[in-house]
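Report on the following structure.
These numbers were taken from a predicted model, which means no experiment stands behind them.
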Amino acid sequence: MGGLFTSLPSISIVGQGINSNDILSQTQFSLIASVQNILFPSDSNGPGASYVMADKYLLWVLTDKRMDPEEKEYIVNGISWVEEKAEENYSLTYNKLSQSQKEELITDIAKENWGKSWLGVILNFIFEALLSDPQYGGNPEGIGWDWLQHNPGFPQPTVPLLYPEILSTVSKNQ
Amino acid sequence: MASQKFDVCIVGSGAGASPIAYELSKKGYKVVVLEKGPWFKTKDFSKDEITATRREVYTPRLEYEPQVIESKNDQGEWESKSTYTTGNSFWNGNMVGGSTNLMSGYFHRMKPNDFKLLTTYGKIKGANVVDWPIDYDEMEPYFDKVEKTVGISGRVVNHSALEPRSNENFPYPPLAENAISSRLDKGANEIGYIAVPIPRAILSLPEGSRSSCFYSNYCGSYGCASDAKGSARVALLDKALEIGKCTIIPNSKVYKLETNGTGKIISSWYYDAEGNKKNIEAKLFVIACQAVETSRLLLMSKNKEFPNGLANNSGLVGKNLIFSAGGTGSGTFRYDVLAKEDAEQLKVPGLFVNRAIQHWYEIDDKKEFSQKIKGGTVDFLFEHANGISKAIRNKKDNEGNLVYGSSLKTKIKDYFLNQRKLNFEVFADWLPTDNCYVSLDEKIVDMWGDPVAKIRVDNHPHDIEVGKYLAKKAEALLEKVGATDIRSSINGSPPTNLMAGGCRFGDDPKTSVLDRNCKAHEVENLFVTDGSFMPTGGSVTYTWTIYANAFRVADAMLEDLKKG
C-alpha cells in the first residue's frame, strides 16, 4: 500500500451517529469493510474504499427507509455467502483469514455468478461513496472528485435537496 | 365534498398537456391540471447525481407502482415480468411538467415523408404502417410556434433532409459548441455529406424570467437550474399560472373517467396525496399521461357504455404502441494521441456537440436494400458527465469479468483523466406491430389497488436492419475524425423515454381511436394529446412533435368551446 493516504480525514457525515450494530453485527461490518478494501484498495494510485468512507456510506444505504427491502437483504445475505465460502475453502471464519487468503477468496468468489453480481453491487456503492456529494457521508472533502479531476456541476445540493430530504421538501410545494 | 368544476380538465402535465393549459387559459377558460407526481420547482433542482440518477426520486417507486413487461424469452415464448422484479423501470419524469424536465432537448422536426410512410415507401409485411390523416404543411405552423414559445436554439443549414420552414432561422442562436463539432463537420464533408447542427430546446439567450444556459455539463436526467431548458413546467405551465385561470393539483392520480351514459365524460376521479377519492367536473377532458399510462387510464375507465374501456368499443386502445428503434454507439478520443491544443479543446466541459447525421433519413442503397426505404437520424453527444455511472461502466472487462483492486483503479483513472468518449444515438422508425401494445395486467395492482399496465414489447426485424445501417454510417464518421475503440449496439430493446402510439389518430373510427384533431371518435368531449396519437413516429425524438400537435389540438378545442 502506498503512502499517499495515511490517515482518515475528520469529517461530518450523514451516517455519523448510526450504530453499525443496529444494522450489521460487528463481525458483519468488519467483513464488509474488508471486502470493500480488497475491491477498491488504497494504493499509490489514489484513495481506496476506507478513505472514501465506503463502509459507513453503506450503513447509511442500509438505513434508507425507501430502499427496497429485498436489495438490503441481498447485501446482507451476501455477507453470509462469503462466510460460507471461507469455511468451505479454509475451514475458518472470514475474519480469521490472513490478508492474502482473503484476497484469494475474493478472487474465487468473483469467478462465480452469484459472487460477480454481489461484488458488483458492493462496488456500485463504493463508487457512490467515491463520487457522490460529500454530504452523503463518502467522498470526504471531495477527495474522490479531486482524484479523478471530476467536476460535479453546479448548483450542488443544499441539505433540503439531498436524498431523501428532497421528497419532503417538494411535498410542501403548491 | 362537492366536486370542483372547470371548463377543461387535463390529466398529465408534460409536453402534450402544457400547450393545452397555456392556450386555453390564455383565452380565458378555467383549466385544471391533475398531475400524479410532485411539484419540483426550479429551486429544487441541483446537480446531485444521487437524486437525479441513483434513486427513485423523479420516477415512481417500483415497489408501489410496478408495470408488467411481456417479452419473448430465449425460447421465443412470451414471458411476463414485473418491473419491480427486474428493476428495469419504464417510468419517466413523474412530476409537474413530466419528463420534459429531465429531457436533453434534442429537437428535430418530423419530415414531410414521415406523415405518409405507407404511400411513400409501401407496405412492410408484419407492420401496421399507415399514413397520418394530416400532412406536414398542417403541422408546420405549430412546429414554428414551439420554436418561439418553448424556445429552440439552433442554426439552419441546407442539407438533403431539411424540412420546409416558414421562418428562415431559429429564434435563438445555436448554443456554444465544443471543438469536436467542427471536427465532425470536416469529417462529414470529406465523406460527402453535411453534419447537421441539432436544434435544442435550450435557450442560448435569456427570455423573460428564464436565464440562458450556463453550460453546467449536466442536462439529460437533471432538472434545469437556469430554466434554459424548455420544460413544459417552465415554458408553458408557469406562464399559464401567471394568467390566473389555470390550477395545477400535484400528487393527484386519476384512476377513472366517468361518463354520463350518452358518450360524454362528466367527471375525472382521482386519489389525492392522502389517498382520498376526489373528482373534478369539466366540459372537456384531455388525457396526456404519456403513451402507456394514457391507454391504461382509458382501459381502466370501463363501464356499461364502454365495457372494453373508454373510447375502446373499437378494441384499438393500447394497440400499436411504438418506441424509437435504433440503439447507441461510441468512439473514444485519447488525449495522448491528439495534438496538445486539440486535447485541451476536447477536454472543455459543458460545451455541446450538437451534430447529427440525417443524410440517410431516406436510404436509397440498392447494395443493401432492394428498394428505397425510410432511414433515420443519428445524434452525436458526449458521454454524460455522471461520475458514478462512468465508474460503474468500468467494473467489467470486455469479456464480462469483474475488474477490481488496483487494476480497477488504474482503469477508472485512465478513463476519467486520459480520454473522452463521444456517443451516438440512432433513431429509426419503430414499426407498429400486433405484438407491441398496452393492456391491463390481471394480477398485479399498484399501491391504490388498481391494475397496472402490461406492456407487450416486440420489434419488427426491419427496425434492426435500418438501425445497423445507420450505425455503420456513424461509425465511419467516428473513424474519419480519429476516434478509436468504436462500437455500437443496435437491438430491439425499447428506449423507455421515447414512447408513443396506443391511441392512433385517423379518419376512420374502425381503424383509429382518435380523429384528426385527436378527439376520441367515440367520446365527444375527450382529447388525447400526448404521443399516443402517433400511428408512426418518424425517425426523430418525439417531444417537438408532441408539443406542436398539442398546440394544434388546442386550436381545435377552442373551436369546440366556442360552439359550447
Side-chain angles (χ1 to χ4, degrees), chain A residues 38-48 64 66-71 103 106-107 109-111 115-117 119-120 122-124 126-133 135-136 139 144-145 147-158 160-164 166-167 169-174, chain B residues 37-41 43-52 54-58 61-63 84-85 87 95-96 214 216-219 222 225-226 248-251 273 347 349-350 385-392 394-396 400-406 408-410 412-413 415-417:
Chain A
I38 292 169
L39 292 176
F40 210 74
S42 292
D43 56 19
S44 57
N45 209 358
D64 178 6
R66 286 174 51 87
M67 190 184 179
D68 181 1
E70 286 185 16
E71 195 173 350
E103 288 170 11
I106 296 302
T107 305
I109 288 172
K111 287 176 190 156
K116 204 189 290 182
S117 302
L119 294 171
I122 300 301
L123 268 174
N124 290 351
I126 294 173
F127 295 143
E128 287 193 0
L130 177 74
L131 288 160
S132 62
D133 191 288
Q135 294 175 91
Y136 285 111
N139 188 18
W145 292 341
W147 174 48
L148 296 174
Q149 296 175 22
H150 175 69
N151 181 345
F154 177 82
Q156 281 299 293
T158 54
L161 302 187
L162 291 171
Y163 171 86
I166 179 76
L167 290 149
T169 302
V170 299
S171 71
K172 293 169 196 143
N173 286 341
Q174 285 302 321
Chain B
W39 197 342
F40 284 83
K41 306 271 174 98
K43 65 179 173 53
D44 301 320
F45 290 125
S46 72
K47 304 305 177 191
D48 178 14
E49 192 176 351
I50 294 291
T51 292
R54 303 290 305 158
R55 298 292 185 276
E56 290 168 322
V57 175
Y58 296 159
R61 292 173 70 175
L62 295 178
E63 190 183 352
Y84 177 52
T85 309
M95 59 181 73
V96 171
F214 51 59
S216 74
N217 206 26
Y218 292 79
C219 189
Y222 290 80
S226 68
I248 298 174
I249 310 179
N251 304 303
K347 286 180 191 175
N386 301 319
I388 298 165
S389 306
K390 280 168 72 173
I392 288 173
N394 277 278
K395 74 179 179 185
K396 286 185 182 168
N401 301 310
L402 198 68
V403 182
Y404 62 91
S406 291
L408 172 64
K409 292 181 69 181
T410 302
I412 287 179
K413 192 174 179 185
Y415 192 79
F416 274 72
L417 268 60

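Chain A forms more heavy-atom pairs under 4.5 Å with one residue of B:Ala225, B:Gly405, B:Pro349, B:Ser216 than with any other, namely B:Gly405. The candidate with the highest count of non-hydrogen atom pairs below 4.5 Å against chain A, out of B:Glu63, B:Lys43, B:Arg61, is B:Arg61. When each of A:Gly120, A:Pro160, A:Ala110 is checked for heavy-atom pairs under 4.5 Å with chain B, A:Gly120 comes out on top. In terms of heavy-atom pairs under 4.5 Å with chain A, the best-connected choice from B:Lys47, B:Lys409, B:Lys413 is B:Lys409. Between chain B and the residues A:Pro152, A:Ser132, A:Gly144, the largest count of heavy-atom pairs under 4.5 Å involves A:Pro152. By number of non-hydrogen pairs under 4.5 angstrom with chain B, the leading residue of A:Glu103, A:His150, A:Glu71, A:Lys172 is A:His150. Among B:Thr51, B:Ile392, B:Ile412, the residue with the largest count of heavy-atom pairs under 4.5 Å with chain A is B:Ile392.
Residues B:Phe45 and A:Pro155 share a closest heavy-atom pair of O-CG, 3.8 Å. Minimum heavy-atom separation, B:Gly387 to A:Leu131: O-CD1, 3.4 Å. Counting all heavy atoms, side chain and backbone alike, B:Phe214 lies closest to A:Phe154 at CE1-O, 3.8 Å. Taking every heavy atom of both residues into account, B:Ile388 and A:Phe127 meet most closely at CG1-O, 3.8 Å.
Contacts of B:Phe40 with chain A are made by both backbone and side-chain atoms, with heavy-atom separations under 4.5 Å. Contact of A:Pro69 with chain B is made through the side chain alone, with heavy-atom distances under 4.5 Å. For a residue to count as touching a neighbouring chain, one of its non-hydrogen atoms must lie under 4.5 Å from one of that chain's; by this rule A:Leu148 touches chain B with backbone and side chain alike. The contact between A:Thr169 and chain B is made entirely by side chain atoms (from C-beta outward), counting heavy-atom distances below 4.5 Å. Residue contact with chain B, scored on non-hydrogen atoms closer than 4.5 Å, is absent for A:Thr158. Using a 4.5 Å cut-off between heavy atoms, B:Val403 touches chain A through its backbone atoms (N, CA, C, O) alone. For A:Ile126, no part lies near chain B; criterion is any non-hydrogen pair under 4.5 Å.
Taking a 6.0 Å sphere around NZ of B:Lys347, one finds it holds more than 12 heavy atoms contributed by other residues, nucleotides or ligands.
When side chains are defined from C-beta on, A:Trp147 does not count as touching B:Leu417, because their heavy atoms never get closer than 4.5 Å. The side-chain heavy atoms of B:Asp48 and A:Ile166, taken from C-beta on, include no pair separated by under 4.5 Å. No side-chain heavy atom of B:Trp39 sits less than 4.5 Å from a side-chain heavy atom of A:Val170. For the pair A:Ser171 and B:Pro38, the minimum side-chain heavy-atom distance is 4.5 Å or more.
Side-chain contact of B:Asp44 with A:Asn173: a donor-acceptor pair under 3.5 Å is present, judged by distance alone.
When the side chain to side chain contact (heavy atoms under 4.5 Å, CB included) test is applied to A:Ser117, the partners found at least two apart in sequence or on another chain are A:Tyr74. Applying the salt bridge (charged side-chain N to carboxylate O under 4.0 Å, His left out) rule to A:Glu128 yields the partners B:Arg54, B:Arg55; only residues at least two apart in sequence or on another chain are considered.
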For B:Asn401 and A:Lys116: C-alpha separation, side-chain torsions, deciding distance, then whether side-chain hydrogen bond (donor to acceptor under 3.5 Å, both in side chains) applies. CA-CA 8 Å; B:Asn401 301 310; A:Lys116 204 189 290 182; 4.5 Å; no
As a quick check of understanding, evaluate side-chain contact (heavy atoms from CB on, under 4.5 Å) for A:Ile106 and B:Tyr404, giving each step before the final call. CA-CA 10 Å; A:Ile106 296 302; B:Tyr404 62 91; 3.9 Å; yes
Between B:Phe416 and A:Gln149, does the side-chain contact (heavy atoms from CB on, under 4.5 Å) criterion hold? Intermediate values first, please. CA-CA 8 Å; B:Phe416 274 72; A:Gln149 296 175 22; over 6 Å; no
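Expressed to the nearest 0.5 Å, how far CG of A:Leu39 lies from CG of B:Leu402 amounts to 7.0 Å. Of the inter-residue distances, the one linking A:Leu161 atom CG with B:Ser46 atom OG reads 5.5 Å to the nearest 0.5 angstrom.
Between the side chain of A:Arg66 and the main chain of B:Val57, no donor-acceptor pair closer than 3.5 Å is present.
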